[in-house]
Amino acid sequence: MDPVIVAGAGPVGLTLALALARRDVPVILLDEAEVIADAEGLRRSRTAVLGPAEVALVERLGCPAVREDGAAWTGWRTVRRRDEVARIDFGADEAPVHIAQHRLENGLRQALLGCGSVRIVAGCRVDALEQDGRGVTVHTNGSHDTWWRGSYLVGCDGPRSTVRKLLGVRFPGRTAVDRHAVAVVRADLPEPGVALLHRDPPGAPAGQEVTARPLPEGLWRLDWLLPVQARALTPDALVERLRGTLTAWCGSVVPYEVVGSADYSVHQRLARRWRSGRVFLAGDAAHLMGALGAQSVEEGLRDAENLCWKLALAWHDGASKLLLNSYEAERRGAVGARLRATDQVLPMLRASGAWQNVRQSLLSGSTRGQAELLTDSHLGRGAAAASRVYGRSPLALPAPRSGGGRSGASPLVAGCDTPPGGRVSDVQVTALDGTVGRLRDRLGRGLVVVLIAPGTGVWESRHWLTAGLMPRLASAVAALPTPAELLVAETYPGATAHSVLLIRPDGHLVTSMVGCRPAELYSYADLARGGPPTSAEGDGPDADDQHDDAREAPGSGAAGTRVSGRTR
């Protein structure tokens, strides 16, 4: 099999390449490595906020220093004028980690150096591609003016994605939803470790909004919301805003050092298709998350985690079209839901006078106020957390009842707080060899089957391996159509004793059931992999993969065609 080609060596491309390498899939990583003007200031102003699941993913891939390189927040405050209208305190297991993007990339690159199955090719840019039923051929210019052959191609090459353009995939959405000035400063601000959103600071023009997000080493990232049509902020104007903000927070201008700055507009866009035959899009090439603090890097890592195990399964054992198509169905659906939620919240929060009754609505308890909506949007909670559940996934449909029982009877399902397609909770688990750890650390290798067995924690594994459900369940897991690991947990939220949870490699629940039901467990595991794999020829572009070509621009990469900037 030819390697998987990943175009783009940002956080998403690096994560995808590393995740594939951990599953023994060879990768060619094409790094354009453009030289950007004012690279140092821009580099320092680019940061990412990662949730606990994404931090666990990066750590699992071999970057244990992500928490040390970033800052785990202890809380979040939302303030209007001088009044605190919302506050959230984070526990150790739920704290977001704020990290400079270049530090995240450096950690991922260092982990890649130990992967002999990854070849990083620097200084080259994709300018043409061909695909057929057996693979993809990519041409690059620059330091390597040549053709590359791969089994699949993933475009992680940013918002101006060349791969997306070569496929002729449209990228509709809204331009300049918000505009921000950003400064990374070193200063002693109140409540270190607590992020702050300040609306209408004292002495500032009405409608001004500024956020302060802590970073390591006493650094803070400050974002000011700017008028969309205004001119770029001059250095003097930025310093004036910074001094006014410090005075509002600290009572005077405390000593500070500006480490980096930038002025940028944020956009909201969603690619019409994320898959065209053997070519996929991920990260900013597929979506721009836009306003209200929605974190594009975090969503991009979710793209990589969702796609990597599906491509690895296809590379090693073959995959059905349903499995490969499920990437677009799940991730595009989830990101689209988040963008729609933002579009519903944004006009209300930006409207004139929207904050006038915030405090009264919060105190009355009648409805959640605008402050809480804004806080949820920045933190990816509430409606903005829709991406954590793949409610309409083709891999989460009810599996057919296999053999036995009354005709038409529905299978017995355990009472579990996690819905099918939802992200599972992180609980303590015990492996069959007696190793104790966290569930999130066992993900990423294959399917995971968890038996909820209260009391097993007080016994060594040799005592319960041959008792109760374990022998029959172990045999059922060994007979599944794709590799799976059997674990035992004392408890799981909402699950009763003897519940069995089937979990995908990316940590999303397939189903839960009570007791050992080998035929039913097999059918759900088969559903999780999208059914039996199709032949290699069946993976190429066809009518099913190009279902909306009539709405797209020409040059969508049909089988056997060459697509480039010069010819179609």
Side-chain angles (χ1 to χ4, degrees), residues 1-10 12-13 16-17 20 25-34 118-171 271-286 303-304 307-308 310-311 314-315 319 321 324-325 327-328 536-549 552-568:
M1 287 285 290
D2 293 314
V4 173
I5 301 175
V6 177
V12 178
L16 179 61
L20 288 170
V25 176
V27 177
I28 295 175
L29 180 60
L30 304 177
D31 184 1
E32 186 174 340
E34 284 187 337
V118 177
R119 178 184 177 185
I120 303 177
V121 185
C124 62
R125 179 189 179 101
V126 175
D127 65 353
L129 66 88
E130 299 175 358
Q131 61 174 316
D132 51 51
R134 294 185 178 274
V136 182
T137 306
V138 175
H139 186 267
T140 59
N141 57 25
S143 62
H144 292 74
D145 189 353
T146 188
W147 289 89
W148 309 85
R149 180 66 175 176
S151 54
Y152 298 94
L153 167 66
V154 185
C156 304
D157 47 345
R160 295 183 175 88
S161 170
T162 302
V163 173
R164 187 188 66 242
K165 293 175 182 176
L166 292 176
L167 293 174
V169 174
R170 294 176 60 195
F171 200 33
R272 280 288 178 88
R273 286 184 288 121
W274 290 27
R275 180 196 178 196
S276 177
R278 288 176 170 266
V279 184
F280 300 81
L281 300 175
D284 286 352
D303 297 343
L307 183 57
C308 73
K310 298 172 182 178
L311 286 182
W315 195 90
K321 292 176 184 175
L324 296 179
N325 284 337
Y327 166 68
E328 177 178 319
E537 289 79 0
D539 283 339
D542 55 23
D544 290 337
D545 298 329
Q546 310 296 333
H547 57 85
D548 57 352
D549 277 350
E552 301 295 348
S556 57
T561 59
R562 175 175 177 173
V563 187
S564 72
R566 300 174 299 278
T567 60
R568 292 284 173 93

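We use all heavy atoms of the structure for the numbers below, so side chains are in, but hydrogens, waters and symmetry mates are not. Bear in mind that the values here come from a model prediction, so they are computed numbers and not experimental data.
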Distance in Å, [X] [atom1] paired with [Y] [atom2], rounded so as to fall on 0.5 Å steps:
X: N141; Y: D127; atom1: CG; atom2: CG; result: 4.5 Å
X: I120; Y: I28; atom1: CD1; atom2: CD1; result: 12.0 Å
X: R275; Y: N325; atom1: CZ; atom2: CG; result: 4.5 Å
X: R160; Y: K165; atom1: CZ; atom2: NZ; result: 7.5 Å

Heavy-atom closest pair, residues [X] and [Y]:
X: R272; Y: E328; result: O-OE2, 4.1 Å
X: C308; Y: L16; result: CB-CD1, 3.8 Å
X: L281; Y: R273; result: CD1-O, 3.5 Å
X: G8; Y: L29; result: O-CD1, 3.4 Å
X: C124; Y: S143; result: N-OG, 4.0 Å
X: V12; Y: C156; result: CG1-SG, 4.1 Å

Side chain to side chain contact (heavy atoms under 4.5 Å, CB included) assessment of E130 paired with H139: CA-CA 9 Å; E130 299 175 358; H139 186 267; over 6 Å; no

Where at least one partner belongs to residues 138-150, residue pairs that pass salt bridge (charged side-chain N to carboxylate O under 4.0 Å, His left out), sequence neighbours excluded: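 Listed by first then second residue: D2-R149, D132-R149.
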
Test item: R278 side-chain N/O and G133 main-chain N/O as donor-acceptor pair under 3.5 Å: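 Answer holds: yes.
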
Given side chains that start at C-beta, do those of [X] and [Y] come closer than 4.5 Å, heavy atoms only?
X: S151; Y: V4; value: yes
X: W274; Y: D303; value: yes
X: W315; Y: P26; value: yes
X: V25; Y: L311; value: no

Partners meeting salt bridge (Lys or Arg N to Asp or Glu O under 4.0 Å) with R119 (sequence neighbours left out):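 With neighbours one apart ignored, the set is empty.
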
Within 45° cone and under 6.0 Å: R164 NZ/CZ vs F171 ring: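 Output yes; distance and angle both within limits.
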
Parallel, tilted or perpendicular: ring planes of Y327 versus F280, cut at 30 and 60 degrees: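 Rings of Y327 and F280: perpendicular, over 60°.
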
Matching residue for R125 among T162, D31, T140, D157 - test: side-chain hydrogen bond (donor to acceptor under 3.5 Å, both in side chains):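 Result for side-chain hydrogen bond (donor to acceptor under 3.5 Å, both in side chains) with R125: T162.
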
V163 and V279: CA distance, side-chain angles, deciding distance, side chain to side chain contact (heavy atoms under 4.5 Å, CB included) verdict: CA-CA 9 Å; V163 173; V279 184; 3.7 Å; yes

